[in-house]
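Residue indices begin at 1 and follow the sequence shown.
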Amino acid sequence: DPRVFPVDLDVRARRFSFLTIDESVLERSAFLDTRIEAPLAEARAWPAADLAGVPVPARPPAFLWHTSFCCSTLLARALHLPPAVVALKEPLVLRRLSDARDGGLELGDLPELALRLLARPWAPGAAVLVKPTHVALNVAAALHAAAPAARGVLLHSTLEDFLVSNLKKREESRRRVPRLAERALRASGLAARLPRAARSPPGFLEQVALQWTAQTALAQQVLAGVGAGRLRAVGERELLADLPGVALACAAWLDLPVAEGALRQRAAAIARHHAKDTTLAYDADAREREASRVRARHGQAIAAALQWAGRHLLPLLGDPHLRPPLP
């Protein structure tokens, strides 16, 4: 029963923790990590060895990867059409796998078992869309290897849009940037290639640019490694320009069992609310007004960071675009 949901994973102890939830938790929760709308303290632990009998779902999961602050939650909500499709937004078990990989631990069969648990259909013939946290790009290859028939899309943003998005965030989010940059540098292997000037960014936005560059390098590696037959790239600007159209293209590529009319209706409804807090009215016009205010206030700092990144970071990427796009 997929409602007996894996809410946590201790990689060292090889132990999953479960809670019984329903579809409303998937809808209400912005994320299925420690912020899940469910009593995590009541979770019950089971050894991974006792879960070996969980069958491989007939339909492989679909993946929605992303490089952070690129409206992936908006796309995941648009594609969440139960009972035909449920979207699992950043389940904690995949964050635990990512943290373990970053810490040098061996994952063994845990990626494959985690996917078997997550991909259990919530209705006969239904599909599951899994949106891992952005830091889990470091285990993307392992998860695709664990589900050889699974397809995915990788959502990304431009450097300028990423700078603007970070300027909109609270101080708590800003303080995480250096740590996230270091993590992405380790995962991508870019640290060894950084020029001396890039190792000590002169300000916050330059640090953000370093994070974006490392995440983009890692995303390029994931796309190349998984291959065009299973993974395609989607730009944030493309998504925001036509949410229903891009959602339909993603659904077709991912082979999600949804009707066009239902998906268009869902996407139109989702587009009128904030993706992380659906009680708030928020649409494309509000998003653009907000971004325009940020650019007006911080235009000089944004331009300086783009210039600095152009000198010291972008040459490391070669072609900074992520390819191939959706067919």
Side-chain angles (χ1 to χ4, degrees), residues 24 26-33 35-37 64-81 85 87-90 129 131 133-134 153-177 180 204-205 208-209 211-212 215 233-251 258 260-303 305-306 322 326:
S24 69
L26 307 183
E27 179 73 32
R28 293 196 316 271
S29 301
F31 302 108
L32 303 179
D33 54 15
R35 295 163 286 184
I36 190 172
E37 295 285 337
L64 172 50
W65 301 99
H66 60 107
T67 56
S68 80
F69 295 167
C70 55
C71 296
S72 61
T73 304
L74 179 70
L75 180 55
R77 284 200 181 278
L79 294 170
H80 178 74
L81 287 98
V85 181
L88 308 181
K89 303 182 298 292
E90 309 200 5
L129 174 71
K131 182 180 93 77
T133 171
H134 69 93
V153 295
L154 197 160
L155 190 61
H156 60 97
S157 67
T158 67
L159 173 55
E160 182 180 353
D161 289 341
F162 191 65
L163 295 173
V164 170
S165 292
N166 273 270
L167 285 168
K168 290 161 53 178
K169 302 304 177 184
R170 298 175 180 175
E171 184 61 31
E172 179 186 1
S173 294
R174 296 188 185 196
R175 286 196 296 267
R176 289 198 291 264
V177 168
L180 290 172
F204 169 69
L205 286 183
V208 169
Q211 179 191 346
W212 180 91
Q215 287 180 327
V234 181
E236 176 192 19
R237 291 187 177 186
E238 178 186 1
L239 174 71
L240 294 178
D242 182 12
L243 177 60
V246 171
L248 280 168
C250 288
V258 295
E260 178 177 346
L263 182 51
R264 285 190 177 277
Q265 185 176 14
R266 170 73 176 177
I270 290 300
R272 295 193 293 269
H273 297 274
H274 198 288
K276 295 182 176 67
D277 184 352
T278 56
T279 65
L280 297 178
Y282 191 71
D283 58 16
D285 290 340
R287 183 181 291 106
E288 184 54 38
R289 288 194 300 271
E290 194 175 58
S292 294
R293 287 194 294 269
V294 170
R295 287 186 171 94
R297 182 177 180 183
H298 300 281
Q300 188 173 356
I302 292 171
L306 289 171
L322 295 185
L326 281 173

Requested in this report: Determine, step by step, whether Val234 and Leu75 satisfy the side-chain contact (heavy atoms from CB on, under 4.5 Å) criterion, reporting the C-alpha distance in whole Å, the side-chain angles of both residues, the deciding distance to 0.1 Å, and the verdict.
Outcome: CA-CA 11 Å; Val234 181; Leu75 180 55; 5.5 Å; no

Requested in this report: Evaluate the side-chain contact (heavy atoms from CB on, under 4.5 Å) criterion for residues His156 and Trp212: first the C-alpha distance (whole Å), next the side-chain angles of each, then the deciding distance (0.1 Å), finally the verdict.
Outcome: CA-CA 10 Å; His156 60 97; Trp212 180 91; over 6 Å; no

Query raised in the report: Should Cys70 and Phe162 be marked as a side-chain contact (heavy atoms from CB on, under 4.5 Å) after you check the CA-CA gap, both sets of side-chain angles, and the distance that decides it?
Result: CA-CA 8 Å; Cys70 55; Phe162 191 65; over 6 Å; no

Requested in this report: Apply the test salt bridge (Lys or Arg N to Asp or Glu O under 4.0 Å) to residues Glu37 and Lys89: give CA-CA distance (whole Å), side-chain angles for both, the deciding distance (0.1 Å), then the verdict.
Outcome: CA-CA 12 Å; Glu37 295 285 337; Lys89 303 182 298 292; over 6 Å; no

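Residues Leu240 and Cys71 approach most closely at CD2-SG, 3.8 Å, considering heavy atoms. Nearest approach of Glu236 to Ser157, heavy atoms of both residues: OE1-CB, 3.2 Å. Pairing each heavy atom of Ala209 with each of Leu163, the nearest pair is N-CD2, 4.1 Å. For the pair Ala76 and Lys131, the tightest heavy-atom approach, listed with the atom from each and the gap, is CB-CD, 3.9 Å. Here the closest heavy-atom approach between residue Leu263 and residue Ala78 is recorded as CD1-O, 3.2 Å. Taking both residues in full, the closest heavy atoms of Ala251 and Leu79 are given as CB-CD2, 4.2 Å, listed atom of the first, atom of the second, then distance.
Taken from CG in Leu88 to CZ in Phe31, the straight-line distance is 13.5 Å, to the nearest 0.5 Å. Atom CG of Asp277 sits about 12.0 Å away from atom OG1 of Thr73, to the nearest 0.5 Å. Here the CZ-CD distance, from Arg293 to Glu288, works out to 10.5 Å after rounding to the nearest 0.5 Å. Note that the NE2 atom of His66 and the OG1 atom of Thr133 stand 5.5 Å from one another [nearest 0.5 Å]. Interatomic distance, Ser292 OG to Arg287 CZ, rounded to the nearest 0.5 Å: 12.5 Å.
With contacts defined as side-chain heavy-atom distances shorter than 4.5 Å, the pair Leu74/Leu243 qualifies. Using a 4.5 Å heavy-atom threshold, the side chains of Phe204 and Asn166 count as touching. For the pair Arg77/Thr278, a side-chain contact is recorded, criterion being any heavy-atom separation below 4.5 Å from C-beta on. Using a 4.5 Å cut-off on side-chain heavy atoms (C-beta onward), Leu154 and Thr67 make contact. Between Leu129 and His80, the closest side-chain pair of non-hydrogen atoms is not below 4.5 Å. Side-chain contact check for Cys250 versus Leu326: some heavy-atom pair is nearer than 4.5 Å. Side chains of Leu167 and Leu205 form a contact here, defined as non-hydrogen atoms less than 4.5 Å apart. A 4.5 Å side-chain heavy-atom check between His134 and Phe69 finds every atom pair outside the cut-off.
No donor-acceptor contact under 3.5 angstrom links the side chains of Ser173 and Arg170, judged on distance only.
At distances below 3.5 Å, not a single donor-acceptor pair connects side-chain atoms of Ser29 with backbone N or O atoms of Leu32.
If you run salt bridge (charged side-chain N to carboxylate O under 4.0 Å, His left out) between Glu172 and each of Lys169, Arg174, Arg175, Arg176, only Arg176 comes through.
Under the 4.0 Å criterion applied to side-chain N and carboxylate O atoms, Lys276 and Glu90 are not assigned as salt-bridge partners.
Within 6.0 Å of atom CZ in Arg28, more than 12 heavy atoms from other residues, nucleotides or ligands are found, so the atom counts as buried in its surroundings.
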